[in-house]
Amino acid sequence: MSLRTSVNVRRFVQGGGAVVASVALLAAGTAWACPPESDQSARTASGAASEAEGTSGSRHAGHYHRAPSVRTESEAIKGVRRVGGVSDAKGAISLMFIDYGKGHRNKRTIMYATGQFGVKAYDITADPRVPKLVGQLNMPGMWETEDTDFDPERKIIYLSRDPRAFNGNTQTGESGIYVVDASNPENLRHLTYVKVPAGHTTTCVNDCRYLWTGGPAKANWMPADWGGRPVWVTDVRDPAHPKVFEDPIDTGRNDGKTDYTHDIQVDSDGVAWASGRGGVRGYHTSGKHYDPVLKKKRVATAWNPVPYAGGGLDEATTNSTFMHNSYRAVGRTRKQAADPRRWGNGKLLYVTEETFNEGCANDGLLVISSLEGSYDGQGWRSTPQDPFRLRTVGTWGVAGKEGSDPASDDCSAHYFDVRDGVLVQSFYAQGTRFLDVRDPTNPRQLAYYRPSDASSWQPYWHGKYVYVADNTRGIDVLEPTFRRR
């Protein structure tokens, strides 16, 4: 393996000490209410919107939108009850659950919340309904920490720094990864920082020995024909000394054009699924596999993965080409979604389309697509003249559904989690929705929780509860009471 550092990447990797100092200074200062909507060069809110999540022409700012343009006192709840939560985590974006100790008496579970405040550690061992704050790492003005990943063995959290963090912007702002030692929840320690050309999301691959970091919109020094940032790989086998690979991966994702890779999810078979503008594509990152693009067997690595399957989604059934995150039920998780006896082991992709258009009905959907016909590299050969698209099996959107607020126009789908045929998904101001997806052709709503001030970003099944990272409320703890038919 050779780690090379280009001129451009070198600009990012150097100077980490200055960044550490700036974080310490920020931690000692006044907390920011929110990162800036746009940079200081007079970009419009709609301009920031298109950079935020690739929703070109959107009047919402994607992950930069504050509250919906219309806010009512309406609220709705069915099939669940709120049993607890914490309001001091306002600005929350994602959650993690890490176990410490062994045995019934010594084991403890810490829930970590990341967001605009940095990192907060909550002990949920004694009572999962009442998280107890035990530690924090203050980083006011941090952005974006979405879908934060961690190494459960080495107890390390990897915070992805978006170039818009700390009053920056996508054109010139700095992006990278903060490595946080979480071996002692009461004393979270900033281990190191490394500059990376991308920085919206960071995901562990190959047992967290490598990281894939993607997004957001491109910097001003990147190639003019790019539509957004692809994925850069970081070697964290020695987490105190991360090393960034020069060459990005997941390039040419949008019908041959290098574009915005938003996030990566790794399924239980170890396939890394990269979502973004242009669809979802899966890669082998270890082992020897047939490469359908090169048409030969070769060894897959984190920095030179082997294409597996996937591609663009059918525009006739979606409202945009921007895919936010995905899930594939396969291997040990094959029974978590649709019936594998009917739909196959790992044959379906569950995908969030995130987009903010005019009218709630035109916002992003949950999309369920078949991988059939995509195993021969079609998603890597797709062009505008000869496009390849996955077949859509089913979709679900919150517009007009029971429990929705008709006055709200903040309706895009966001992150979700799946267990026992039930997919729980965030829909921003339209709250958290529980869907029966055992029949993927007809997702059916089972329950919902939509408080009047909802800004639901990401839900998590944990034990018998669902924990919701809500950007305005903090964390809600929900207990399902519904029964499936």
Side-chain angles (χ1 to χ4, degrees), residues 96-99 147 149-153 201 203-212 231 249-250 263-275 279-292 297-302 304-311 323-352 366-379 390-391 393-394 415-425 435-441 443 458-463 466 484:
M96 297 159 285
F97 299 85
I98 303 181
D99 291 330
D147 198 26
D149 213 342
F150 65 96
D151 184 335
E153 291 183 3
T201 63
T203 302
C204 287
V205 299
N206 295 3
D207 295 324
C208 244
R209 266 46 185 176
Y210 296 89
L211 305 175
W212 282 17
V231 172
I249 60 174
D250 196 38
D263 199 6
I264 292 91
Q265 279 74 41
V266 180
D267 66 29
S268 63
D269 274 359
V271 177
W273 295 92
S275 303
V280 185
R281 302 192 301 186
Y283 296 89
H284 295 290
T285 62
S286 64
K288 195 169 186 178
H289 305 273
Y290 178 74
D291 186 327
K297 269 197 168 186
R298 66 178 180 87
V299 174
T301 63
N304 188 19
V306 172
Y308 170 63
M323 301 303 138
H324 185 272
N325 60 280
S326 69
Y327 171 80
R328 176 177 177 239
V330 68
R332 71 176 185 274
T333 65
R334 67 187 181 279
K335 296 181 180 180
Q336 295 305 307
D339 186 348
R341 293 170 297 181
R342 178 179 177 187
W343 295 97
N345 181 15
K347 301 298 183 182
L348 298 178
L349 268 184
Y350 298 76
V351 184
T352 288
L366 167 69
V367 184
I368 305 173
S369 295
S370 172
L371 289 169
E372 183 180 6
S374 72
Y375 297 101
D376 293 325
Q378 290 90 339
L390 299 173
R391 177 177 63 88
V393 174
Y415 280 105
F416 59 80
D417 199 6
V418 187
R419 177 194 285 182
D420 296 332
V422 177
L423 182 149
V424 56
Q425 183 157 28
L435 308 175
D436 185 338
V437 294
R438 290 175 297 175
D439 178 0
T441 67
Q458 188 162 5
Y460 301 80
W461 288 104
H462 188 77
V466 169
R484 297 185 307 178

J.: Is the shortest side-chain heavy-atom distance between I368 and P443 below 4.5 Å?
T.: yes
J.: Do the ring planes of Y308 and W273 sit parallel (below 30°), tilted (30 to 60°) or perpendicular (above 60°)?
T.: perpendicular
J.: Using every non-hydrogen atom in the two residues, find where R484 and G421 come nearest and quote the distance to one decimal.
T.: NH1-CA, 3.7 Å
J.: Go through the steps to decide whether W343 and V393 satisfy the test side-chain contact (heavy atoms from CB on, under 4.5 Å), and finish with yes or no.
T.: CA-CA 11 Å; W343 295 97; V393 174; 4.0 Å; yes
J.: Quick one: does L348's side chain get under 4.5 Å of R328's, heavy atoms only?
T.: no
J.: Of the options V437, T333, D267, which is the one that meets Y327 in a side chain to side chain contact (heavy atoms under 4.5 Å, CB included)?
T.: T333
J.: Without hydrogens or angle criteria, can the side chains of N325 and T352 be said to hold a donor-acceptor pair below 3.5 Å?
T.: yes
J.: Walk me through it: do V418 and Y350 pass the test side-chain contact (heavy atoms from CB on, under 4.5 Å)?
T.: CA-CA 10 Å; V418 187; Y350 298 76; 5.7 Å; no
J.: Start with the C-alpha distance between V205 and V266, add both sets of side-chain angles, then the distance that settles side-chain contact (heavy atoms from CB on, under 4.5 Å), and finish with yes or no.
T.: CA-CA 7 Å; V205 299; V266 180; 4.0 Å; yes
J.: Excluding sequence neighbours, so at least two apart, what forms salt bridge (Lys or Arg N to Asp or Glu O under 4.0 Å) with D207?
T.: none
J.: When rounded to the nearest 0.5 angstrom, what is the spacing between CZ in R281 and OG in S275?
T.: 11.5 Å
J.: Using only atom types and a distance under 3.5 Å, with no angle test, would you say the side chain of Q265 pairs donor to acceptor with the backbone of S326?
T.: yes
J.: Minimum heavy-atom separation for T301 to N304, with atom names?
T.: OG1-N, 2.9 Å
J.: Would you confirm whether N345, through its side chain, and G331, through its main-chain N or O, come within 3.5 Å as a donor-acceptor pair?
T.: yes
J.: So, for T203 and I264, which heavy atoms are closest and what is the spacing to 0.1 Å?
T.: OG1-O, 3.0 Å
J.: Minimum heavy-atom separation for A302 and I249, please, with both atom names.
T.: O-CD1, 3.8 Å
J.: State, yes or no, whether a side-chain contact exists between L371 and K347 at a heavy-atom distance under 4.5 Å.
T.: no
J.: Does any non-hydrogen side-chain atom of V422 lie less than 4.5 Å from one of W461?
T.: yes
J.: Got a second to check how far R334's CZ is from R341's CZ, nearest 0.5 Å?
T.: 11.0 Å
J.: Using a 3.5 Å distance criterion without hydrogens, assess whether the side chain of Q378 forms a donor-acceptor pair with backbone atoms of G373.
T.: yes
J.: Could you check whether the rings of Y283 and W212 sit parallel, tilted or perpendicular, using 30° and 60° as the cut-offs?
T.: perpendicular
J.: Hey, are D147 and T201 close enough side-chain-wise for a donor-acceptor pair under 3.5 Å?
T.: no
J.: Rounded at 0.5 Å granularity, tell me how far CD in Q458 sits from CZ in F416.
T.: 10.0 Å
J.: What's the separation between atom NZ in K297 and atom NE2 in H289, rounded to the nearest 0.5 Å?
T.: 9.0 Å
J.: Out of curiosity, R209 CZ to S286 OG, how far, rounded to the nearest 0.5 Å?
T.: 13.0 Å
J.: Applying side-chain contact (heavy atoms from CB on, under 4.5 Å), run through R419 and D417 and close with a yes or a no.
T.: CA-CA 7 Å; R419 177 194 285 182; D417 199 6; over 6 Å; no
J.: Between atom OH of Y415 and atom NE2 of H324, what is the distance when rounded to the nearest 0.5 Å?
T.: 4.5 Å
J.: Write down the atom of P292, the atom of G377, and the distance for their closest heavy-atom approach.
T.: CB-N, 3.6 Å
J.: Could you tell me whether the side chain of S369 and the main chain of L390 form a donor-acceptor pair under 3.5 Å?
T.: no
